[in-house]
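We number each residue from 1, following the sequence as shown. Owing to the predicted nature of the structure, the values given are computational and were not obtained by experimental measurement.
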Amino acid sequence: MRRILIWLPLLLFAAFIGLFASGLFQPDDRIIQSRLVGQPLPDFDLPAAASDRPGLGSRDMAGGKPRLLNIFASWCVPCAVEAPQLMALKRAGVAIDAIAIRDARSDVDAFLARNGNPYQRIGLDARSAVQIALGSSGVPETFVIDGRGRIAYQHIGEIRADDVPTILARLEDAR
């Protein structure tokens with residue numbers, strides 16, 4: 001019995017190293033699947049976040065055609081990084097609405113003046129209540145909304161140039 005007890009710490013250490021090593025070599029699934037994909041948008045009605053755009057409500061998103069809903073903030077650096085891709089999507093004829101979170105109208109106006117304004121409507125979510133209801137984990141985040149107001153796809157993080165074809169395909173699938 002003493003011989004087993006002497007080797008027990010070494011066996012436990014070896015088991016821990018084996019467990020750690022197996023975690024290093026297993027493929028990591030970095031895609032976060034939203035539980036809201038396929039579900040209708042939660043009800044919301046937000047005031048305008050920019051001086052020259054109306055506010056946004058969930059009813060605005062069920063107009064019969066698919067559109068993008070972009071969650072952003074003026075203080076968000078990746079949001080500025082994705083601005084050229086959003087402008088490219090707008091030039092491609094994509095309807096884009098937005099929700100600015102924890103922001104001020106003057107800051108949103110300055111952000112849009114610097115980076116361009118691809119949005120038709122921008123709602124101000126001052127307390128992130130709508131963002132949380134959408135299951136959004138941060139900014140930027142973009143949702144493809146089908147013509148009935150249902151979430152068809154969720155893109156987490158900034159949209160990069162190589163993401164644009166995927167988003168266009170998801171918009172086409174949402175028709």
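Trp75 contributes no side-chain N or O that, together with a main-chain N or O of Asp107, makes up a donor-acceptor pair within less than 3.5 Å. Looking at Ser58, its side chain does come within 3.5 Å of a backbone N or O of Phe44 through a donor-acceptor pair. Proximity of a side-chain donor or acceptor of Asp163 to a complementary backbone N or O of Ile159 within less than 3.5 Å is not detected. Arg150 places a side-chain N or O within 3.5 Å of a backbone atom of Gly38 that can act as its donor or acceptor partner. No donor-acceptor pair under 3.5 Å is formed between the side chain of Asp109 and the backbone N or O of Ala50.
Looking at Ile99 and Leu46, their side chains come closer than 4.5 Å, going by heavy atoms from C-beta outward. Looking at Val130 and Ile71, their side chains never come closer than 4.5 Å, going by heavy atoms from C-beta outward. Residues Phe143 and Leu36 form no side-chain contact, since every pair of their non-hydrogen atoms from C-beta on lies 4.5 Å or further apart. Counting heavy atoms from C-beta outward, Val139 and Pro78 have side chains that stay 4.5 Å or more apart. Between Glu141 and Gln154, some side-chain heavy-atom pair lies under the 4.5 Å cut-off. Using a 4.5 Å heavy-atom cutoff, the side chains of Asp103 and Phe111 are not in contact.
Put simply, the residue from Ile151, Ile96, Ile145, Asp60 that forms a side chain to side chain contact (heavy atoms under 4.5 Å, CB included) with Leu69 is Ile145. The one candidate from Lys90, Arg67, Arg59 that meets the salt bridge (Lys or Arg N to Asp or Glu O under 4.0 Å) condition with Asp97 is Arg67.
Around atom CZ of Arg114, more than 12 heavy atoms belonging to other residues, nucleotides or ligands sit under 6.0 Å away. Shown here is Asp43, whose CG atom has no more than 12 heavy atoms of other residues, nucleotides or ligands within 6.0 Å.
Look at Arg160 and Glu158 and you find a salt bridge, because one of the NZ, NE, NH1 or NH2 atoms lies within 4.0 Å of a carboxylate O, short of that distance. Ion pair Asp146/Arg148 flagged as a salt bridge, since at least one NZ, NE, NH1 or NH2 atom sits closer than 4.0 Å to an Asp/Glu carboxylate oxygen.
Between atom CZ of residue Arg170 and atom OG1 of residue Thr166 there is a gap of 7.5 Å, rounded to the nearest 0.5 Å. In this structure, CG on Leu124 lies 8.0 Å from CZ on Arg105, to the nearest 0.5 angstrom. Taken to the nearest 0.5 Å, the CD atom of Gln85 stands 10.5 Å off from the OG1 atom of Thr142. Between atom CE of residue Met61 and atom CG of residue Leu68 there is a gap of 8.0 Å, rounded to the nearest 0.5 Å. Here CZ of Arg102 is found 13.0 Å from OG of Ser74. Values are rounded to the nearest 0.5 Å. For the atom pair CZ (Phe13) and CG (Leu10), the distance works out to 8.5 Å, reported to the nearest 0.5 Å.
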Could you please spell out the steps behind the side chain to side chain contact (heavy atoms under 4.5 Å, CB included) verdict for Arg127 and Ile101?
CA-CA 7 Å; Arg127 297 183 187 258; Ile101 62 155; over 6 Å; no
The test is side chain to side chain contact (heavy atoms under 4.5 Å, CB included); show your working for Tyr119 and Leu112 and say whether it passes.
CA-CA 9 Å; Tyr119 307 118; Leu112 297 173; 3.8 Å; yes
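Taking both residues in full, the closest heavy atoms of Ala174 and Val144 are given as CB-CG1, 4.0 Å, listed atom of the first, atom of the second, then distance. Taking all atoms of both residues into account, the shortest heavy-atom contact from Pro118 to Gly116 is CD-O, 3.6 Å. Summarising the geometry of Ala80 relative to Asn115, their closest heavy-atom pair is CB-OD1, 3.9 Å, with the distance given to 0.1 Å.
Residue Val94 is grouped with residue Ile122 when hydrophobic side chains (ILVMFWY) are merged at heavy-atom distances under 4.5 angstrom, including chains of intermediate members. Using a 4.5 Å cut-off between side-chain heavy atoms of Ile, Leu, Val, Met, Phe, Trp and Tyr, with links allowed through other members, Leu86 and Val164 fall into the same hydrophobic cluster.
A tilted orientation is assigned to the rings of Tyr153 and His155, their planes being inclined by 30° to 60°.
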